Amino acid sequence: MDSRDIFCKNKSKMVIPKTSFSVKVTNFKNPYRIIIYKTKNYINKSNMISKKLVNHMKMENLNSKDNGEPNFGDLVVVHGKVSQDVDLPGWYCRGLIGHFDPMTMRYNVFLVDYGISVPMLKDDFIFLQHDNISDEYLTMDIGIYNIIPTIIKKRKSTNELVQFITDKWTTEAIKFCKELIVASSKIYFDISVRDECGKYYGELYLLLNREIICLSKALSENGYATYLKEDLLKLIEEPNSGFEKEFEDNVTTYFIKRVNDSNLSERQDVIDLNISRTMQKSFECKERLHEKCSDAITGNDIHKVLIYSNISCKKLNFVTDAQFPAGIHMAWDSLVQSSKPKKMQSYVWPAIKQKLNVVAIGPKDSGKTFGYTFAITGLLAARHSLPQGNSPSALILCASSSEVLSVHSLCMKFLQSYGHIKSVTGFIGKSDRSLAAEVYNGCQILVSTPTFLVQFLKAYKNFFNFDNLCYLIFDILELLDKHKLITNREKKSDELFPLQIIFTARYFTIPIRTLIKKIMYNPYICISSFLEAVIFKSVQPKMYMLNSKLKLQKLLDILGNESKLKTMIVCRTVDEAEEVNAFLSKHKHILLAHEEKHLFEIEDIKKLWQVSIPGSYPIIISTDEVLTDLNIIDVDWLIHYSVSLEVKTNFNFRFSTLMNNLQKEITKCEVTIFINENDNIQFLSIINMMKRMGVVLSNDMLLNIERISIALDKCKREYPICDKVKSLGFCQNKSFCPFRHCIISDVDAPITKIETGDEVRFVITYIHDASHFSGRIINYVKADTSEIIEFSKNEYILLTSKIQLFFGNIKNRRRSDIVNVGGIYGLEDSIDSFKRVQVLQIKNEKKNRFGTFQVADVRCIDTGNILTNIEVHRLLSLPEKLSKLPAHIVEIFLVGIAPCDNEYEWNNYANEIAYDWFVKNYNQYSYIVGKVSLHLGNTIWTDTLNIGIKMIGRRDIAGLSLKTELISKSHAVVNKDHMQNIYTLCTNGGLVINKQYDIEHLKV
């Protein structure tokens, strides 16, 4: 039965015409500009067009296309392979060329079969003649028929509310329409007329809560539009025909009639109520899967996720399909500005709405945090009433206070239209009194770190009432094994809002597996990282560390006579793949795929792979570049022949080839990794991966790993020592941190003669965080002789003036042809203001039509501040005589403290405490004094940072201590291992430190 028949039998006054057809709205600009497509047979039609495009493209030489200059309205074909940063809905897409943005060098291409626009470089598409693919475009540009925009405002002459015709649609009208469309479960379009350009005008019928809303009527009844009748047509043809006219903000409006303000408000309330009711409906998809583990991909979808659940949830293709309250969707549009969810969000939103316990594992920027905050705020906003006071409905536990503040901010942005729903934060450093005051003013969402919550509950056992807790979200990497919040809260069949647990993490670990088994009933597990999916399925790889000259023979040896497993060997480069093919093809049946082969050769290889039979499987050799094109997901044995990849995601994507195996209840697949002397970039990451997989490494291999790790770190001579090592004594992200984690004696020799135990006076020039500063040395007092060594301020001023004088001559402003990490260059900071900068790292390599585009992080040598993402081409050549001028600015680290709650970053509160301390106590009559614990390169570690006060005729007074301030206000804790770890690095690096007796004293 057609769903229209069901609604037509309703007693509603509105009836959907039989001539209408079901549509999907993909874009809404205003009631005159709406993009839709017919839902009937849409998938079949789009698949048919895709096949025609594939057949057509077989006749094109994609590797040597010459587009010429695109013109507005040209028909083109867009190919997903050349659009790495664009999520295309199909392998090939027809598109129309729109406007050109000279800033980004991209064309706006409208995908005529999908109703969306994407930015494309010129090389991302090729021209298509209209008669090559004659199928009609699947999308339509339509408008609402026979209406004209209006606005409600006060009439100047009488101060009454009246309705005026206006020449454009108001923001409120557009927002009103979007809210209705978002809330609709189905939409129908009925054609009335077609203009001379072929555009259709008609009526949209929206189904909300089993009621029918005619869009034009809704606009008219709410004062946003009026129907175009004879008298209005006369007004358009004869503007001076007696209608009252007003001018405001260059917009002409014509008086129509008086408006009953109370009736308008009542009608608006009815519309809002319909939206609210419809948004509360959740999907009811509870079909049992044939297998416990299910892969959530179909066709050529290269965005694969692993779903592990015995309950099926419908994937969402559009954000509007989530059907949360309209205000939540409006907030999403303003924050994210995307109508399509990320792949993880498209799977977890339906699961969350079905009240399932959800586990979401995915890499950074996979949409985990935005996903659950959008869903939870949406569910809370849809409820008619929520508990008040100290009885939160949602508890979100985060790993750090900075994440607490970030999640809280996100929740409040989503809830900006729902003032009755409050979010409250809790973390070490926030006072109990402050938390209590906020809670009593309303706390529907509590965002906290676990440590703070445990300590607070110990001190105030009955403060929070968690009986009404509906949502428990763990947005952390490590969790408490036991948590009182989930005891005695087993799921009850008659409970309207049972406790729902949502867990998100970047990595899957053994403790996480244990915790999920312990606290989660029937979890819905979504993993969007291929590597984490492999770890989740307990696949244990074999690793061979050997010389590159021995790899080919070793590869042949381990392959043996095996032909029962579908085997793929992945290489890094074309030359390497060709070399492996030349060697193995003498012994095995080989399929070779790499980026220098034509796209349709790749397609043929894929077909041969698909028709191979057990017992005679060929071995496929591939490079990373063509894995997406191959789209093979049924490999049994994955061999990483080389892993020296600059982009970590390339290595992770290789595991997508195992997805068919990973979806089975019992996974039977193998992974082999070859490591040689050239595989240095991903070495530590791979070792950490092996450990997380539970692979037992021999003592000999562990020693070898340690030796290689140190050798690799010493290759980073040009990079500075990692700031985490400097501030904490270790780096938790060592395996993928770009900076150096060892000390090299000749590189890290001190730039001044300041030694351990000396007392140094500074002028602070920059505050990086609570324990990291930049400062200019005023003088220092030698520990053994009490001699005062002055640093000339005039010399510092002269130094900076030399830089300005040099670049003041325009002829000297030459772009540096070569930019290296550690190099010193000039940079125009503002108009005719220049600085000396040292490159800390070069990152984010991008390619455009003009070649390679890079950005760098730099340190301003003469001020100390760090500038990030500076375009490399902005760096200026600097003569050696200027680059080697002495630096008076040093980095200063306050030793022996660390952030609270076992965090690795100082939160904003701690940073503000440090900043306020300087503002309140540091002035023209004072200075900063610190006792040196160590001096390496341009970095000084000080055991203390105190305020020194100048006294005329008397000895200076060393007063307030920053370390004491941070610890006493619970924004820092003692870090006893800080300097001991750094001294160990000095010893391992062969650096002889002066004042050894002072070092031993400081270790105590």
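Bear in mind the structure is a predicted one, so any value in this text is a computation, not a measurement.
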Would you check if the side chain of [X] reaches a backbone N or O of [Y] as a donor-acceptor pair within less than 3.5 Å?
| X | Y | value |
| --- | --- | --- |
| Thr139 | Ile35 | no |
| Tyr107 | Val118 | no |
| Ser50 | Ser46 | yes |
| Lys368 | Gly362 | yes |
| Thr26 | Gly115 | yes |
| Gln345 | Lys342 | yes |
| Ser184 | Leu180 | yes |
| Ser406 | Ser402 | no |
| Ser22 | Thr39 | no |
| Trp332 | Ser339 | no |

Check: [X]/[Y] side-chain N/O donor and acceptor closer than 3.5 Å:
| X | Y | result |
| --- | --- | --- |
| His408 | Ser423 | yes |
| Glu203 | Ser216 | yes |
| Ser393 | Asn468 | no |
| Asp634 | Asn661 | no |

Minimum side-chain heavy-atom gap [X]-[Y] below 4.5 Å:
| X | Y | answer |
| --- | --- | --- |
| Leu53 | Arg94 | yes |
| Ile311 | Gln354 | yes |
| Tyr471 | Ile396 | no |
| Tyr521 | Ile501 | no |
| Pro363 | Ser528 | yes |
| Leu207 | Ile187 | no |
| Pro31 | Cys177 | yes |
| Gln444 | Lys422 | yes |

As an exercise, state the distance from [atom1] of [X] to [atom2] of [Y], rounded to the nearest 0.5 Å.
| X | Y | atom1 | atom2 | value |
| --- | --- | --- | --- | --- |
| Leu446 | Cys411 | CG | SG | 11.0 Å |
| Asn27 | Ile34 | CG | CD1 | 10.0 Å |
| Met412 | Thr373 | CE | OG1 | 12.5 Å |
| Leu316 | Gln323 | CG | CD | 9.0 Å |
| Arg654 | Ser656 | CZ | OG | 11.0 Å |
| Tyr347 | Lys343 | OH | NZ | 9.0 Å |

Heavy-atom pair with the smallest gap, counting every atom of [X] and [Y]:
| X | Y | value |
| --- | --- | --- |
| Ile328 | Gly378 | CG1-CA, 3.8 Å |
| Gly371 | Trp349 | O-NE1, 2.9 Å |
| Ile352 | Gln500 | O-NE2, 3.0 Å |
| Leu356 | Cys313 | CD1-SG, 3.7 Å |
| Lys537 | Lys664 | NZ-O, 3.0 Å |
| Glu179 | Met330 | OE2-CG, 4.0 Å |

Between Arg506 and Asp365, does at least one N-O distance fall below 4.0 Å, as a salt bridge requires?
no
Heavy-atom count check: over 12 atoms from other residues, nucleotides or ligands less than 6.0 Å from Lys199 NZ?
yes
Kindly check if the number of other-residue, nucleotide or ligand heavy atoms within 6.0 Å of CD (Glu136) is above 12?
no
Name the orientation class of the two ring planes belonging to [X] and [Y] (parallel below 30°, tilted from 30 to 60°, perpendicular beyond 60°).
| X | Y | answer |
| --- | --- | --- |
| Phe374 | Phe324 | perpendicular |
| Tyr224 | Phe176 | tilted |
| Phe370 | Phe414 | perpendicular |

Working for side-chain contact (heavy atoms from CB on, under 4.5 Å), residues Leu386 and Ile421
CA-CA 8 Å; Leu386 292 169; Ile421 305 178; 3.8 Å; yes
Looking at [Y], does the NZ or CZ of [X] lie under 6.0 angstrom from its six-membered ring centre and within 45 degrees of the ring axis?
| X | Y | answer |
| --- | --- | --- |
| Lys178 | Phe28 | no |
| Arg513 | Phe536 | yes |
| Lys217 | Tyr205 | no |

Report the C-alpha distance between Ile502 and Asn357 in whole Å, list the side-chain angles of each, state the deciding distance to 0.1 Å, and finish with yes or no for side-chain contact (heavy atoms from CB on, under 4.5 Å).
CA-CA 6 Å; Ile502 301 171; Asn357 293 325; over 6 Å; no
Among Lys353, Lys186, Lys24, salt bridge (Lys or Arg N to Asp or Glu O under 4.0 Å) partner for Asp321
Lys24
May I have the step-by-step check of side-chain contact (heavy atoms from CB on, under 4.5 Å) for Tyr137 and Tyr37, ending in yes or no?
CA-CA 9 Å; Tyr137 301 153; Tyr37 65 73; over 6 Å; no
Given the rule in the side-chain contact (heavy atoms from CB on, under 4.5 Å) test, do Val447 and Val424 qualify, once you have shown the distances and angles that lead to the verdict?
CA-CA 6 Å; Val447 190; Val424 174; over 6 Å; no
